[in-house]
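For reference, the structure discussed in these notes is given below.
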Amino acid sequence: MNVLAADPQKCALWGVFPEVECWVLTSYMPHELPKAYEPGAIETRWAEYWVQEKLFHVETPQPGDSRPVFTLLLPPPNVTGRLHMGHMLNQTQMDIIVRWHRMRGFVSLWLPGTDHAGIATQMMVERQLLKEGKKRREMGREKFIERVWEWKREYGGAILDQMKRLGASVDWGREYFTMDDNLSHAVKEVFVRLYEDGLIYRGKYIVNWCSDCGTAISDLEVKHEDVPGKLYEIRYPVVGSSEFITVATTRPETMLGDTAVAVNPTDERYLHLHGKQVLLPLMNREIPIIADELAQPEFGTGAVKVTPAHDPNDFEAGLRHNLPQIEVIDEHAKMNGNAGAYAGLDRFAARAKIVEDLSAQGFLVGTKDYTIALGKCDRSGTIVEPRLSTQWFIKIAPLAKRAIDVVDKGYIRFTPENYGQIYLNWMHNIHDWCISRQLWWGHRIPAWYCKNDDCKNVVVAREAPSVCKCGGTKLEQDTDVLDTWFSSGLLPFTTLGWPQATRDLDVFYPNSLMITGFDILFFWVARMIMLGCWFMMPPHKPGSNKAGPDASVGSEDGELRASVPFREVYIHALVRDADRQKMSKTKGNVLDPIQVIEQYGTDATRFTLAAMAAPGTDIAFSESRTAGYRNFANKIWNAARLMFMNVDRIDASLRPTSGQQSPPHKGIVAFDVSTLEDRWILSRFNRAVKDVSESLEAYRFDEAATRIYDFFWGEFCDWYLELIKPRLNFEEGADTTEAKIACRNLINLFEASLRLLHPVMPFITEEIWHAMYDGAPPLRSIALAGYPAADDAQIDLGTETEMAILQDLIVSVRNLRAELKVEPKVKVPVEVFVHEAETRRLFEQNLTAIERLASVERVIFVESSLGNLPGTRGTSRFDVRILYERKVDVAAERERLAKELERIEKEQANGQRQLANEQFLAKAPAKVVEGLKARAEELRVLQEKARAKLKELGENT
RNA sequence: GGGCGGUUAGCUCAGCUGGUUAGAGCGCCUGCCUUACAAGCAGGAGGUCGCAGGUUCGAGCCCUGCACUGCCCACCA
């Protein structure tokens, strides 16, 4: 049976009968391959195979195993997530790097998992409940959480299933979820230890409050947006005087909670008012005028209202001056009981009313247009209210110090480099991190409060305490959960078994690399570094001795170096649409990767993302590019068809067998180099391998991809395959020795090229590779084969130069044919004059190639220069002329020549000028000067010829 | 308010530490269904490298200024 009949039933069976996989493969009939590559059927088949075979499962290497290790953590997508182009870019890059390492013999662990995503998930389930007419609070915490778990079990794996379709070579056997028992346990452990280290505190501070989500959020979750707003100037009457003091505010509703007016201590305008009271309008409360740096003399009137309960700066000032904190806005963003007549109003309704009342009572001095940097909740878009609230915080400075050190010292390297600086800037200005969230879905804070009124003790513990130190037994756990990023910040070590001293931790930590987008650089990358450098250093490092540095690491600095969560960070760009617009649901320009994949194939889509991933700019994803790379896949496919057709015809036993390649092989298995094209392609292959490896080393996915593309299409297909065809197409009854050699070379070169390409296009390479071995490959997958390593000894500049001359001749003849409009089917005789005997030998040895590729009937070598005869092309090494009676289009030819001559002379003038310049001769490197001289000579010849020809054409008219 | 990118062919982008003739894909034009591939083959047109100065023997690349554009960060009313 033919597997390419794309039989979905068989694929489906796989899940049930994994043992049948060879059944499909051995029946492969390559000569029946369809003309066009059909990625759909092939890709789903292999995607399933890779998962079923547990191909990428990594057993922990035991002591004594000397293989190098490569570890990569998948940035865990939210359980609520659907795969978007950003994921696909991220995963493509990771997969390329991981497959590449694996093929180079690294124990390569790519760890997958999902994030419980506190707010996002809770909101999603709440919305779902709402459709059933249920509300979270009515349901109760326990029931609600059970419901979220249900939802997670049902839908939470969607994004990972999509990943499987992409062929991501992750170890599915190690998949984690951030709320798994072991990870939850580690989260608790971390919290308790930070608390014991004095780095976690609880307190009443101003936090960013999202009234929609009903929770505090961290600074990072607030997105500032410049919007046109108003600046209101309000005058407060000074008690015991007829004076007023005018303050300005963008949020007049907060005035209800004012507890002072501040002026700068140095501001002479207000010296006489220090210590006086003002009467707060609308509220008729007396509040003091204080002298504080908070007020800047240059701004507005130099006097500022102080609302400690609703502004972070005012809060600080309030502490300095012992001011009362009066909250006037509640958790639903409504005015509360302290707001007098405005109680119950929404904050914006209150604002309008207050402005109206102030105006009516003559307190409003003026209203100005003013641009406000409005803070909005990243998740809900609601305007964030700074609000006094009791929360848990992490004291960040000690953590940040280490996180700065490791980057300063180069223990973590960023690519592109400038992100290192961006990271450091941020880290230097970091504030304490509010980690408590008023949600239900997440890791509950391991703190218990004693309900004994006399005690009110807080117990932070790993397990629920049964009794308080006061003897009380009524202890209640904090109802808040932790910020999602708290747990994801621990993943590099908790997924490997921390706090246990595991073998995994020894082997796989630090991770080798982190690949992610800059959008979570601070949210996640920075937190991982801070927490990693804290918990993988003594005394928290498992098995570490509190007394001193770990003996295996040696020094304190060594400890620090070993504590980083990853050695390198690669930051990738954002994927935008073809018009460079950010993809967003509201704009409706979101490209669904799965749809693109279905249309063009996963390999082509991956290739697009790789090829466009140049550093520094975002990726404008254009489908026309993907179509182009789909064509590339098709090209590979057809090259394979050519190969299979010939193998089957010439000698099917030429197919490689499982014994032939004892993996992992780093080059081409065997290669005969008796012809120019063989020596040439071998040289070019090695050069490509070298370039690709260098590019991948530098995370230049774009360079690697285009280099492979150029090699495979431009060199292998366009020239090599064409050149070996005569040998493959032996005549009936003729000796097949040559054909067999050519065929074997083709197979082995193709096989190595597939390995070169595999990390970027895993599916088509796997498919063809298996087919080459006729279903009995030496390994279960090409992914386990060796990655080609360049052999400098096989790079041959002399051969490449010879080939270049030959190509030059062929292209020259093609040019002439096109200019003279020779009918494609007509083979023409050509005259060739060579400047050197070697060139003649080269042409003579490759006559077949010239005749075939340039449609030449025969080559006549002549003894004198063809100079200016019609139908002639010349280079510095040869002249070639096609013998064809059709009249040259004199006008067109003259125009072409004139243009060419102009170009030559322009370049010539440039060169002459430089060569005449003594400073140039003195300062420029010899190589450049020599090159220029050689070129000048070439140009001289070319110019002479062009002139002569032009002259002749002129005379003819 | 601070900081970081980008500006190269009609479109989307490459161009490595400054060095001989600035490249690719798509699109466009001409001719070909040449038994691997029309998702292909062969040939071709198309660029004052955003603007203005400067450094240099030499600038798309380095420096300065300007213009346009995108992004990140920021507790100043």
Measuring only the [atom1] atom in each nucleotide, how far is [N] from [M]? A whole number of Å is fine.
| N | M | atom1 | answer |
| --- | --- | --- | --- |
| B:C61 | B:G2 | P | 27 Å |
| B:C49 | B:G10 | P | 13 Å |
| B:A9 | B:G44 | C1' | 14 Å |

Taking side chain to side chain contact (heavy atoms under 4.5 Å, CB included) as the definition, give me every residue that meets it alongside A:Ala526, ordered by chain and number, with sequence neighbours left out.
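Result, side chain to side chain contact (heavy atoms under 4.5 Å, CB included) vs A:Ala526: A:Tyr423, A:Trp426, A:Met427.
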
Using whole Å, report how far [atom1] of [X] lies from [atom2] of [N].
| X | N | atom1 | atom2 | value |
| --- | --- | --- | --- | --- |
| A:Arg630 | B:C26 | CZ | P | 11 Å |
| A:Met643 | B:C37 | CE | P | 15 Å |
| A:Glu823 | B:G43 | CD | P | 18 Å |
| A:Leu642 | B:C41 | CG | P | 13 Å |
| A:Leu921 | B:G19 | CG | C1' | 14 Å |
| A:Met612 | B:G25 | CE | C1' | 9 Å |
| A:Ile422 | B:G5 | CD1 | C1' | 9 Å |
| A:Phe522 | B:C73 | CZ | P | 7 Å |

Is the number of heavy atoms from other residues, nucleotides or ligands within 6.0 Å of [atom1] ([X]) greater than 12?
| X | atom1 | result |
| --- | --- | --- |
| A:Glu298 | CD | yes |
| A:Lys368 | NZ | no |
| A:Lys933 | NZ | no |

Can you see if the side chain of [X] gets near the phosphate of [N] - specifically, an N or O under 4.0 Å from OP1 or OP2?
| X | N | answer |
| --- | --- | --- |
| A:Lys825 | B:G31 | no |
| A:Asn815 | B:G44 | yes |
| A:Trp713 | B:A36 | no |
| A:Lys725 | B:A36 | yes |
| A:Arg625 | B:G25 | no |
| A:Asn631 | B:G40 | yes |

With sugar-phosphate meaning primed atoms plus P, OP1 and OP2, does [X] contact a base, only sugar-phosphate, or nothing at under 4.0 Å between heavy atoms?
| X | value |
| --- | --- |
| A:Arg814 | sugar-phosphate |
| A:Leu521 | nothing |
| A:Glu298 | nothing |
| A:Ala295 | base |
| A:Arg700 | sugar-phosphate |
| A:Tyr370 | sugar-phosphate |
| A:Thr706 | nothing |
| A:Lys223 | sugar-phosphate |
| A:Tyr709 | sugar-phosphate |

- For RNA chain B, whose closest nucleotide is more 5', that of A:Tyr629 or that of A:Asn418?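 Looking at the nearest nucleotide for each, A:Asn418 comes out on the 5' side.
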
Closest-nucleotide ordering on RNA chain B, the 5'-leading residue of A:Leu220 and A:Lys35
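With A:Lys35 and A:Leu220 compared, the 5'-side residue is A:Lys35.
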
Item checked: Among A:Asp292, A:Asp314, A:Asp311, A:Asp258, the one residue meeting salt bridge (Lys or Arg N to Asp or Glu O under 4.0 Å) with A:Lys305 ->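 That would be A:Asp258; it is the only one of A:Asp292, A:Asp314, A:Asp311, A:Asp258 passing the salt bridge (Lys or Arg N to Asp or Glu O under 4.0 Å) with A:Lys305.
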
With the side chain of [X] defined as its heavy atoms from C-beta on, choose the nearest nucleotide among [options].
| X | options | result |
| --- | --- | --- |
| A:Asp718 | B:C73, B:C32, B:C41 | B:C41 |
| A:Lys635 | B:C37, B:A74, B:C76 | B:C37 |
| A:Val811 | B:G43, B:A74, B:A36 | B:G43 |
| A:Met645 | B:C73, B:U35, B:C26 | B:U35 |

Under 3.5 Å for both donor-acceptor distances, Watson-Crick or wobble: does B:U48 have a partner, and if so which one?
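The base-pairing partner of B:U48, which may sit in any strand shown, does not exist here.
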
Is it true that A:Arg351 and A:Glu253 make a salt bridge, defined as a side-chain N closer than 4.0 Å to a carboxylate O?
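Looking at A:Glu253 together with A:Arg351, the answer is yes, because their closest N to O distance falls below 4.0 Å.
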
message = Would the distance check show the side chain of A:Arg817 and the main-chain N or O of A:Ser855 forming a donor-acceptor pair, the cut-off being under 3.5 Å?
response =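 Yes.
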
**Message:** Taking atom types as they are modelled, would you say the side chain of A:Glu722 forms a donor-acceptor pair with the base of B:A36 within the 3.5 Å cutoff?
**Reply:**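 Such a pair exists between side chain and base.
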
| request: Please find out if less than 6.0 Å separates the ring center of A:Phe712 from that of A:Phe750. | output: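 Centroid separation for A:Phe712 and A:Phe750: below 6.0 Å.
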
